[in-house]
Amino acid sequence: MTTNFLEQLNAAQRESVESVDGPVLIVAGPGSGKTRVITNRIAHLVLNRKVKPYNVGAVTFTNKASREMKDRLAPLLGENARLLTVGTFHSFCSMILRRTGENLSISNNFVIYDDDDQISAIKQSMKDVDVDPKQFNPRSVLSTISNSKSQLVNFAGFNSQKSNYYEEVVSKVFERYEDILSQGSALDFDDLLLKTHQLLTEFPDATKMYQDRFNYFMVDEFQDTNIAQYSIAKLITEISRNLCVVGDPDQSIYSWRNADIRNILSFQNDFPEAKIIPLEQNYRSSQNILGAAKNVISKNTQRVDKNLWTSNGKGSLISIDEAYDEEDEARRVIKEIQGLVDSGEYPLSDFAVMYRVNAQSRSFEIACRRFGIPYQIVGGVKFYHRREIKDITSYLRLILNPEDEISLTRIINVPPRGIGQRTLSEIYRLSRQTGKSLYESIVSVTSTDNLSHQLGNRAINSLNQFLSHIDQLKKASVSLNIMELIDLTVSETGYRKYIETDEKAEERLENIQEYRNSSREYSSVPALQGLVEFLEGISLISDIDGMEEDLDSITLITLHQSKGLEFPIVFITGMEEGLLPHIRSLDSGEPDELEEERRLCYVGMTRAEKQLYLTRAFRRGFRGTYEPTVPSRFLSDIPASLLVKNTSSPETDAPEIEMRDKMLRFRKDGSEKAISASLGNNSSLSHKNKQPTVPTRRTVNKIKVSNPTRKSNFQIGDKVRHGQFGDGIVMSSDPTGDDLQITVAFKDGGGIKKLLQSLAKLKKI
DNA sequence: AATTAGGCATTTTTT
DNA sequence: ATGCCTAATT
């Protein structure tokens, strides 16, 4: 091995790589070779500074990123690469807690509750402490708790500083929630961090062990870490002070997940001696793209300006394309891609279509299928969140820990075995009365001499049946590997038979098959440990992890998920007020949130190497009705000199004729084009064995070109009569989809109602 | 106990 | 429009 990899770096990169002693902050602009710096830095540590790989730790944002890092290190370090500790913050913490969590009475077989489980646990907690889920949204309660935890405030802390009624309520739920989790030997995502932090502050022996081990520690995507994560990194490197963080404040897009951009400031305060190295040369994008992106981001007020530059050529101008609606938008994008692919210049894998919200993916999927363009969709309906998958996972968790009440209640009657509401609430009652767990209560209820319950023979039989399933699986679990265990679960519990009656049987069975396949890599691990690791694996996996770069397909992806990726040609779609920037950020009135939207846009734009398209639709469907749109403010931040001269697209307030023309053209195209076989797949695991799915027959005449109801029969100010609400005055009338929405203020306290002209037989009076 | 109908909230982004 | 939850039905 030689050091020649250093010679291929620019000055700043090289300095980043060679500055290994003491704290370092690398401010890495988009495309500045960040991953290369990190991997080379590790290689430099091991090869030139003779640091043992065992003493190096690096945390990344996703599993995918760590996998890539390991892949890149393998050729440089050979076998040594395996000895490095590279993972996400959450998997890093999970490792610590499995090894030394017993200090905090955490079982080393703990399971990790994902989103769904957390919501179930919150709902159960709310029920237990008599909080009405209609009055308090379980999701917001959870997010309050999560927010608290990620700032290192546990239940005790939260409880002692609650200051209003809402927080009092949350506190009650919080307490119960923690009980449910510990009952289930479960930690949620935030606990992984919170408990690790607790361990590292309260248990010097364990702490010392980790501090001695991780002499060199690196944090990637530092701008998207939360307080808990930063604190952990600080604790780990308290002695060595060899903490290197890499990030870009302009790419901070996860504040809603409690990431705290102030960490960057804190770092400079906490480590005043830190070396700060900006990486400002962009190797990814053309001058035009970089210029456009810089113009967008520069409108943010709360930022330090950077001097990003590139020696790349000017490249193509940026295109702004305007469509009639989201279907038309998708059609135009996919046709453009098809054209470029047909010209032979680009492979499919060069293209990414990005959007703000997952719901937008639908129209692109449909267009891809219609035009026969293979696509890879990142995210969407999460594989591990599908019902059949969650069900089997619950069984597996019960094998590990029958006290897990969230998993138990999920599957106690799945498949149906006659354990209904009545039976369950009786068990609950007994459990609360005796202080025993649900499982224990079931065991005691089914023992012959217990007469303290009010359950019929039938219920007892069903419960016995359930118990014997769990028993049998538990016994088998000590000798079977994970794959065999899944098979046994599916057959033994009658789950397979049950699923076969489902209308989506085929799809569900396929998913179970896929689940089984994904367990293969754990099958060589000893029985129980394999189970633990498999369960951890599926909890910590993310959608982006399933993405495959070299698949011959285009990529459909959210802007958030696109962070860290790059594509020769990028389409950012839905450039509309309310979508990007998202309505939530506008409603909140928080300028910070708007700035984050702008950063999100910036992240998307800077993914592009050669060509960037920004698209929008004149109108967009929202839960049933269509709304006219306003172009995103970010579009006007791009100087005209960087844009392709507008050729065909009309302006926002296009004349009616132009609009109709577009619609006609659309209709013609859509119905004439034959449906080609689709290579797309719709699972986040991206298995290639999906049969070509028949596209949803989306009838194009959904858009009616002429519709008599579009013309309003009512003028503002007209007096009208409604069968139910009585008399009122028309306030406004707006077209929605094919219909007209009439807003009427009714007399006699009837209030203001929005009515559809076609349905609400309004009479003029 | 299981099935069904109707009411209601929901959609930002995810380790 | 869709999906989840509750209430009503059998």
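Each chain gets a letter, A, B and so on, in the order its sequence line appears, and its residues count up from 1.
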Measuring centre to centre across the rings, with the benzene-like ring taken for any Trp, is A:Tyr498 within less than 6.0 Å of A:Tyr495?
yes
Would you mind classifying the nucleic acid contact of A:Asn413 as base, sugar-phosphate or nothing, using non-hydrogen atoms under 4.0 angstrom?
sugar-phosphate
Report yes if a side-chain nitrogen or oxygen of A:Asn137 is closer than 4.0 Å to either non-bridging phosphate oxygen (OP1 or OP2) of B:dA9; otherwise report no.
no
Can a side chain N or O of A:Asn226 be found less than 4.0 Å away from OP1 or OP2 on B:dT15?
no
Counting only pairs under 3.5 Å, give me each side-chain donor-acceptor contact of residues 132-143 of chain A, with atom names and distances, residues two or more places apart or in other chains.
residue  : atom : partner  : partner atom : Å
A:Asp132 : OD1  : A:Lys134 : N            : 2.9
A:Asn137 : OD1  : A:Arg139 : N            : 2.7
A:Ser140 : OG   : A:Asn137 : O            : 3.2

Take the protein atom CD of A:Gln135 and the nucleotide atom P of B:dA9, then report the distance between them rounded to whole Å.
13 Å
Under 4.0 angstrom, heavy atoms only, what part of the nucleic acid is A:Phe89 near: base, sugar-phosphate, or nothing?
nothing
A:Asp116 CG to B:dT15 P, straight-line distance once rounded to whole Å
13 Å
Considering non-hydrogen atoms only, spot the tightest contact between A:Val296 and A:Cys601 and give its length.
CG1-SG, 4.4 Å
What's the CE-C1' distance between A:Met354 and B:dT13, to the nearest Å?
14 Å
Distances under 3.5 Å between nitrogen or oxygen atoms of protein and nucleotides 3-10 of chain C:
residue : atom : partner  : partner atom : Å
C:dC5   : OP1  : A:Lys123 : NZ           : 2.6

Apply side chain to side chain donor-acceptor pair (under 3.5 Å) to A:Glu536 and list each qualifying residue two or more places apart in sequence or on a separate chain.
A:Ser94, A:Arg98
Whether A:Thr62 contacts B:dT14 is assessed here as follows: a side-chain N or O lying under 4.0 Å from the phosphate OP1 or OP2. Is that the case?
no
Rounded to whole Å, the CZ-P distance (A:Arg458 to B:dA2) equals 9 Å
Distance between C1' atoms of C:dT6 and B:dT11 (Å, rounded):
23 Å
Round to a whole Å and report the spacing from CD of A:Gln118 to C1' of B:dT14.
11 Å
With nearest nucleotides of DNA chain B determined for A:Phe189 and A:Ile419 from heavy-atom distances, which residue corresponds to the more 5′ nucleotide?
A:Ile419
Kindly state whether the pair A:Trp256 / B:dT13 counts as stacked, where counting means centroids closer than 5.5 Å and planes tilted less than 30° apart.
yes
Is there side-chain contact between A:Phe61 and A:Ser66, with heavy atoms separated by less than 4.5 Å?
no
When you get a sec, tell me which of B:dA2, B:dT15, B:dT11 is the closest nucleotide to the side chain of A:Arg257?
B:dT15
Nucleotide B:dA2, atom P - distance to OH of A:Tyr498 in whole Å
11 Å
Ring centers of A:His560, A:Trp256 separated by less than 6.0 Å
yes
Of the nucleotides B:dT15, B:dT13, B:dT11, which one has an atom closest to the side chain of A:Asn358?
B:dT13
Send over the distance from A:Tyr355 OH to B:dT11 C1', rounded to a whole Å.
14 Å
Verify whether one side chain among A:Thr60 and A:Asp220 offers a donor that lies under 3.5 Å from an acceptor in the other.
no
Could you state the CD-P distance from A:Gln561 to B:dT14, rounded to the nearest angstrom?
4 Å
Starting from the 5' end of DNA chain B, give me the residue, A:His582 or A:Thr423, whose nearest nucleotide shows up first.
A:Thr423
Parallel, tilted or perpendicular for A:Phe92 and A:Phe217, by the 30°/60° rule?
tilted
